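These notes concern the structure reproduced below.
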Amino acid sequence: MSATTSRKPPTIPLPRPFRVAGAVALLIVLFYGAGWVLIQMGAMVSRVLIPIVVGVLLAALLMPIQLLLNHTLRLQRHLAAAITVTGLIALVGAVVYFAGRSIAQGVDNVRDSILQVLNRAQDWLVNGPLAIDRSQLNDLFGQVESWLANNASSLSSGALNATSGISNILVGVFLALIVALFLLAEGDRISSFMLMIFHDPMRTRVRETIRRAWVTLGSWARTQLVVSAADAIGIGIGAFALQLPFVIPMIVVTFLLCFIPLFGAFVSGAMFTLVALLFQGPFAALIMVLIVIAVQQLESNVLQPLLMGKAVNLHPLVVLLGVTTGTYLLGLTGALLTVPILAAANAGYKYWVGRDPFPGLDDGGSALSGSPTKLAPARKSPKLPKEIGAVTPEWIERDREAESAAPSGLEREEREHAHED
C-alpha cells in the first residue's frame, strides 16, 4: 500500500466557477445572518446603547471646554466636568424656555392667520378653476369634525403613548448626560482600563486607532454644531426680515434638523418656505427659497471644508446610503448617529491598514486638543480627471502613496518655524 492515498473525485463533479459561486453565496448568507443577529441584539439594547453613543458624542463636543477648565484654569477634573455638563443643561433649558415663550405669545396671532389662510383656500376652491360646490366643502368639514369626535378616545390613547415615549426620552437623555460627565472627568482612566485586556504591540495599535476615531468624532461634533448654528441663524434672520411667525422655534428646529446630513437641510428649508407661503404669500416664499439656498451654499462650500477638512472623509454616496439605512433601522436616531459612527470607523480602518488619517498624532499632536487640519496630511486632495474612465486602481494607489509621504500639518509648521529661525 502506497504512503500517499490518491484523492477521490467528487461524487458530482462541478466546474470551478460553480464552486466559487457557491462559496461566495455561502459567505453572503453567513454575513447576512451575522448582520441580522447584530441588528436584533442592537434593537434589544438600543434604549441603553443609543444614549451611550450620544454621551460619547457629547463628550467629544464638550472636550474643549473641559480642557479649558482643567488645563488652563486648573480646576479639578470632576468639578470641571460637572460645570461643563451643567452649562450645557442650562443652555438647552434657556433655549427651550425662550422657544416655548415665543410659541405662547404667538398662538393667538397664528390662530387668526391660519383661519384667514383657510378662508382664502376655501374661497379659491369655490371660486377658482376647480369650482367646488360650497356645500360639498361644508360636508367635508363636517365629516372631519365627526371623525375627530368619534376618535377622541384613540387620540387620547395616542397622547398617553406619546407621554410614555417622552418619559423614555428623558431617561435616555439623563443616561447620555451621565455618560458624558464620566467620559469628560475620567475618559483617560476608562479607556486605559479597557486597553488592559490587550498586550503590546496590539495595545498600542488599538490605542492609536481609538485616538484617530476620537479626533474624527470631536471634529464632526464641533463642526456640525457651527454649521447647524450658521444655517439656523442665517435662515432665521431672513425669516425675521420677512416677519414670519414662530421664528425662534423654527430656528431651534432647523438647528436640530441640520445635524441630519442631506435630508435635514432640505426639510428645514421646506419648513421655512411653507410658512412664508402660508402667511406672506408666494413672493415671500420665493425670497425665502433664495435665502435658504444662499445660506446652505455658504455652509457647504466654505464652512464645512474650512472647519472639517478631511476629518469626515466619506463619499456622498456612502453618506446617503448610511443615513437611509440608519433611518430605516432606528428612525430619526439612526439618521443622526450614522455619519459620525461611519466617519470614526473609517478613520480607525484607515489607520489599521496603514493609511494614517492623522499622522500628526505620531508627531506629538494631541487627540484631545489638536486641530484635525494640523493632524491630517498637509496636502490637497487631487481633483478627479475630467474624462470618465481615467480613474484606475493605479491612479488611486499613486494618490495614496503621495498622501502617505506628505508631512502632517503639525510637522509642516514645525519645519517652517525651524526654517525661519
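What you are looking at is a predicted structure, and each value in this text was computed from that prediction instead of being measured.
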Are Thr72 and Leu67 side-chain neighbours, meaning at least one heavy-atom pair lies under 4.5 Å? no
Could you pull out every donor-acceptor pair under 3.5 Å between side chains of residues 169-197 and any protein atom, sequence neighbours left out?
from	atom 1	to	atom 2	distance (Å)
Glu186	OE2	His78	NE2	2.7
Asp188	OD1	Arg77	NH1	3.0
Asp188	OD2	Arg77	NH2	3.2
Ser191	OG	Gly187	O	3.0
Ser191	OG	Asp188	O	3.1
Ser192	OG	Asp188	O	2.7

If you round to the nearest 0.5 Å, how far is CD1 of Ile260 from CD of Gln224? 10.0 Å
Using modelled atom types only, decide if a donor and an acceptor are shared between the side chain of Arg205 and the backbone of Trp352 within a distance under 3.5 Å. yes
Contact check, side chains of Ile65 and Thr84, non-hydrogen atoms, under 4.5 Å: yes
Looking at Leu27, I'd like to know if its CG atom is crowded, meaning that more than 12 non-hydrogen atoms belonging to other residues, nucleotides or ligands lie closer than 6.0 Å. yes
Write down the atom of Thr216, the atom of Ala347, and the distance for their closest heavy-atom approach. OG1-CB, 3.2 Å
May I have the step-by-step check of side-chain contact (heavy atoms from CB on, under 4.5 Å) for Val275 and Met288, ending in yes or no? CA-CA 10 Å; Val275 172; Met288 196 71 249; over 6 Å; no
Please list all pairs passing the side-chain hydrogen bond (donor to acceptor under 3.5 Å, both in side chains) test where one or both residues lie in residues 320-331, with sequence neighbours left out. none
Heavy-atom distance under 4.5 Å between the side chains of Val56 and Trp214, does that happen here? yes
Go through the steps for Ile210 and Arg207 under the test side-chain contact (heavy atoms from CB on, under 4.5 Å), then give the verdict. CA-CA 5 Å; Ile210 294 175; Arg207 179 177 180 271; 5.8 Å; no
Is Ser268 close to Cys258 at the side-chain level, that is, under 4.5 Å between some pair of heavy atoms? yes
What's the spacing between Leu73 CG and Ile83 CD1 if we round to 0.5 Å? 9.0 Å
Closest non-hydrogen contact found for Val323 with Thr338 is N-CG2, 3.9 Å
Hey, what do you get for CG (Asp363) to OG (Ser408), rounding to the nearest 0.5 Å? 4.0 Å
Any donor-acceptor pair under 3.5 Å linking the side chain of Arg203 with the backbone of Phe198? yes
Spacing of CZ belonging to Phe358 relative to OG belonging to Ser371, to within rounding of 0.5 Å: 9.5 Å
Please examine the side chains of Pro377 and Pro359, heavy atoms only from C-beta on, and report whether any two atoms are closer than 4.5 Å. yes
Is any side-chain heavy atom of Met202 closer than 4.5 Å to one of Val206? yes
What is the minimum heavy-atom distance between Pro385 and Val391, and which atoms define it? CD-CG2, 3.5 Å
Within the 4.5 Å heavy-atom criterion, are Leu337 and Leu57 side-chain neighbours or not? yes
Gap between atom CZ of Arg400 and atom NZ of Lys350 - 0.5 Å precision: 8.0 Å
Which residues share a salt bridge (charged side-chain N to carboxylate O under 4.0 Å, His left out) with Asp356, sequence neighbours left out: Arg212
With Ile287 as reference, evaluate Ile291, Val289, Leu290 under the side chain to side chain contact (heavy atoms under 4.5 Å, CB included) test and give the passing residue. Ile291
Mind checking the CG-CD1 spacing from Leu244 to Ile235? Nearest 0.5 Å is all I need. 12.0 Å
Could you tell me which non-hydrogen atom of Gly269 sits nearest to which non-hydrogen atom of Thr273, and how far apart they are? O-OG1, 2.8 Å
Minimum heavy-atom separation for Leu361 to Ser366, with atom names? CD2-C, 3.8 Å
Arg398 bridged to Glu401 by N-O distance under 4.0 Å: no
For the pair Arg211 and Tyr351, evaluate side-chain contact (heavy atoms from CB on, under 4.5 Å) and give the outcome as yes or no after the intermediate values. CA-CA 10 Å; Arg211 294 179 73 202; Tyr351 173 78; over 6 Å; no
Heavy atoms, side chains only, cut-off 4.5 Å: are Phe272 and Thr254 in contact? yes
Quick one: do Asn70 and Leu75 satisfy side-chain contact (heavy atoms from CB on, under 4.5 Å)? Show the steps, please. CA-CA 5 Å; Asn70 180 249; Leu75 295 182; 5.7 Å; no
Under 3.5 Å, is there a donor-acceptor pair between the side chain of Ser219 and the main chain of Val215? no
Would you say CD of Gln76 has more than 12 non-hydrogen atoms from neighbouring residues, nucleotides or ligands within 6.0 angstrom? yes
For Leu342 and Gly322 the tightest heavy-atom approach is CD1-CA, 4.1 Å
